[in-house]
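Here is how names work: the chains are called A, B, and so on, in the same order as the sequence lines, proteins then strands, and each is numbered from 1. These values consider heavy atoms only, across backbone and side chains, with no hydrogens, waters or symmetry-generated copies. All values reported here derive from a predicted model rather than from experimental measurement.
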There are 2 protein chains.
Amino acid sequence: MEIRELRYFVAIAEELHFGKAARRLEIAQPPLSRTIARLERQLGVTLLERTSRKVTLTEAGAVLLSEGRAILSAVAAAERRTQQAAQRRPRLVLAVKSGTAGELLAKLLDAYRTEPGAATVDLLLCEAHQHQKLLQDGQADVALLHLPFDSTLGLDTETLYTEGQVAILPSSHPLAGRSQIRVAEVTAIPELPMARWPGPGGSYPEGPGAEVRNLTQLFQLIALGRTTVIMPESAGTDLRRDLAAVPVLDAPPVTTVIAWPPHSRLRAVADLIRVATRL
Amino acid sequence: MEIRELRYFVAIAEELHFGKAARRLEIAQPPLSRTIARLERQLGVTLLERTSRKVTLTEAGAVLLSEGRAILSAVAAAERRTQQAAQRRPRLVLAVKSGTAGELLAKLLDAYRTEPGAATVDLLLCEAHQHQKLLQDGQADVALLHLPFDSTLGLDTETLYTEGQVAILPSSHPLAGRSQIRVAEVTAIPELPMARWPGPGGSYPEGPGAEVRNLTQLFQLIALGRTTVIMPESAGTDLRRDLAAVPVLDAPPVTTVIAWPPHSRLRAVADLIRVATRL
DNA sequence: GTCGATCGATGTCGCTCAGGTATCGCTGCA
DNA sequence: TGCAGCGATACCTGAGCGACATCGATCGAC
């Protein structure tokens with residue numbers, strides 16, 4: 001099995017159409033048909049059921065699609081990282097969700113900068129749920145994740161710290177003065193339905209609350225008395241005057257972890273992790 | 001970058017000798033030289049420093065070696081799993097260390113067997129530290145691991161249960177009658193140096209204790225009054241008459257987890273994991 | 001210092017196979 | 001029934017893989 005064959009197969013499996021896949025791959029359709037046919041012959045397995053009107057994946061094809069995507073990411077990552085390693089000045093790309101982990105991040109970068117042989121750290125601000133992809137295809141070397149929100153599937157991690165969660169409410173709201181609150185009480189406020197964040201697929205879950213994509217939006221909507229949210233304590237420090245944070249007793253604690261791809265060999269990654277765990 | 005090029009590069013990087021690598025790959029040496037040269041040209045990176053007497057890896061080469069090995073395993077896994085998925089009867093390979101987790105394993109297999117659409121589960125008894133490799137190159141689909149002994153690097157896991165550790169002593173030993181004991185007391189018994197297990201590389205750590213490879217050997221040596229060991233409670237049930245298990249107060253608890261490769265798409269794996277977490 | 005052995009690079013050649021164009025055969029729809 | 005759309009097949013060209021022969025550099029033996 002060759003990378004080229006895998007690229008071709010993944011393209012068809014995603015398009016379920018030889019012609020479209022060929023256009024996407026910028027080749028003609030016949031070589032594509034032949035390549036897939038040979039791949040099937042070599043594996044001794046039917047990957048696609050095709051009629052002249054429809055193409056569908058077999059069970060085996062679905063498995064190869066999933067494994068193949070992972071392999072293609074890994075190859076892209078290998079190329080990027082190899083080229084990166086050949087540079088004189090080592091560089092390190094750290095992926096973080098925009099707007100989170102402010103203080104921890106500053107402390108981490110400060111501490112790492114003083115390390116002997118410290119690499120230049122580039123920050124890659126990303127959307128939620130993107131970390132994994134960025135690490136797997138080599139666009140990032142390390143990431144800061146928040147459990148239980150982010151997935152650590154296939155990544156190696158070290159726990160940095162754990163914190164409680166707070167509800168963010170308009171200061172004027174009757175509950176804003178409470179010293180603590182329960183999840184059920186927050187979710188039961190009829191006039192303030194919980195804000196909705198995009199899921200892993202980029203689409204929003206069903207619900208009455210506002211759809212938000214970043215903290216600025218969110219805080220504005222809360223201040224306007226349109227929504228509320230439960231989020232980690234650290235994101236609720238230094239709030240605008242018109243917002244209040246109330247600790248939520250029974251919300252699951254949020255753990256910040258540092259994550260990296262499992263076979264990372266970069267000295268800079270090892271150094272950064274060591275610094276992070278000592279904070 | 002193609003798989004063939006990667007296979008060639010990994011062979012050279014491991015042998016550090018074009019001739020030997022060519023023999024291992026069962027090709028002549030010149031095509032090997034040319035393939036590597038072209039790979040370097042395409043990546044724009046020097047992977048190997050070569051004189052006519054010695055070949056060494058560059059920094060970038062070391063990175064590509066590590067990434068390349070992972071990719072080659074992933075490709076082997078993809079081929080195996082795709083072929084497996086094409087079989088009528090779904091099969092599932094579960095890797096377990098020989099001699100451990102007896103009762104849990106039996107319960108798990110029993111519970112899974114009653115699932116609708118349950119696959120045939122093949123047990124793959126393996127040496128310690130092998131799990132990861134088996135999962136990564138597709139020889140196994142799921143594994144039972146024991147933290148903190150085994151590494152879960154690059155695997156996804158669910159915790160099954162946690163247990164304390166016991167010291168296994170000859171029944172005749174003065175400490176055998178104790179209801180509990182401390183690590184320091186066990187390691188300080190001069191006539192019973194702690195048994196040594198092979199490390200990840202297959203070699204034994206330094207020390208005075210006996211070198212053991214399985215439980216039968218170990219128990220025999222303990223019964224003979226030559227060594228002792230600290231191990232999970234469950235491995236110390238149903239001991240021979242001439243052995244005694246004493247709970248060790250301050251030994252770290254051992255967690256049994258079920259682990260699988262992160263992008264596993266097999267229904268059977270998902271089912272087994274669900275059953276396992278409900279035990 | 002010289003010679004021979006060792007090792008990676010290079011030159012040349014045959015052949016496989018990737019990719020292109022043209023075309024066929026099947027299927028669903030108007 | 002005719003047509004449009006789609007994948008398979010036939011055939012051709014050229015790139016590149018691999019084999020063999022050979023070169024040039026380096027190190028050790030004497």
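- Comparing B:E5 and A:F18 by the nucleotide of DNA chain D whose heavy atom lies nearest to each, the residue mapping closer to the 5' end is A:F18.
- Toward the 5′ end of DNA chain C lies the nearest nucleotide of B:R34, the other residue of the pair B:R34 and A:P31 mapping further downstream.
- Near DNA chain C, defined here as any heavy-atom distance below 4.0 Å, there are no residues from residues 39-49 of chain B.
- Atom CD1 in B:I12 sits 13.0 Å away from atom NZ in B:K20 (nearest 0.5 Å).
- A salt bridge links A:R69 with A:E14; the closest basic N to acidic carboxylate O contact falls under 4.0 Å.
- The CD atom of B:E26 sits 15 Å away from the C1' atom of D:dA19 (whole-angstrom rounding).
- Rounded to an integer number of Å, the gap from CZ of B:R23 to P of D:dG18 is 17 Å.
- In terms of heavy atoms, B:A140 sits closest to B:A95 at CB-CB, 4.0 Å.
- Salt bridge annotation for B:R81-B:D141: present, with a cationic side-chain nitrogen under 4.0 angstrom from a carboxylate oxygen.
- In plain terms, the two heavy atoms of B:L155 and B:P262 that are nearest each other are CA-CD, 4.4 Å.
- Straight-line distance from the CD1 atom of B:I27 to the C1' atom of D:dG16: 13 Å, rounded to whole Å.
- Within 4.0 Å of A:A28, counting heavy atoms only, lies at least one base atom of the nucleic acid.
- A:F9 places its CZ atom 16 Å from the C1' atom of D:dG7, with the value rounded to the nearest Å.
- Look at B:E2 and A:R4 and you find no salt bridge, because none of the NZ, NE, NH1 or NH2 atoms lies under 4.0 Å from a carboxylate O.
- The distance between atom NZ of B:K54 and atom P of D:dC27, rounded to the nearest whole Å, is 10 Å.
- The distance between atom CZ of A:R50 and atom C1' of D:dA8, rounded to the nearest whole Å, is 9 Å.
- In terms of heavy-atom proximity, A:E49 sits nearest to A:T46 at OE2-CG2, 4.2 Å.
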Assess whether side-chain contact (heavy atoms from CB on, under 4.5 Å) is satisfied between B:L266 and B:W260, documenting all intermediate values. CA-CA 11 Å; B:L266 297 176; B:W260 62 95; over 6 Å; no

Atom pairs, N/O to N/O, protein against nucleotides 3-5 of chain D, distance under 3.5 Å?
residue: D:dG5; atom: N3; partner: A:R53; partner atom: NH1; Å: 3.3

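- We find that CG of B:L25 is positioned 11 Å from P of D:dA19, with the value rounded to whole Å.
- Summarising the geometry of B:E59 relative to A:A85, their closest heavy-atom pair is CG-O, 3.9 Å, with the distance given to 0.1 Å.
- Using a 4.0 Å cut-off between a side-chain N of Lys or Arg and a carboxylate O of Asp or Glu, B:E115 and B:R274 qualify as a salt bridge.
- Nucleotides of DNA chain C lying under 4.0 Å from heavy atoms of chain A occupy a range whose first and last members, 5' to 3', are C:dA18 to C:dG28.
- Using a cut-off of 4.0 Å between Lys/Arg side-chain N and Asp/Glu carboxylate O, A:E5 and A:R34 are scored as not salt-bridged.
- Between the CG atom of B:L32 and the C1' atom of D:dA19 there is a distance of 14 Å, rounded to whole Å.
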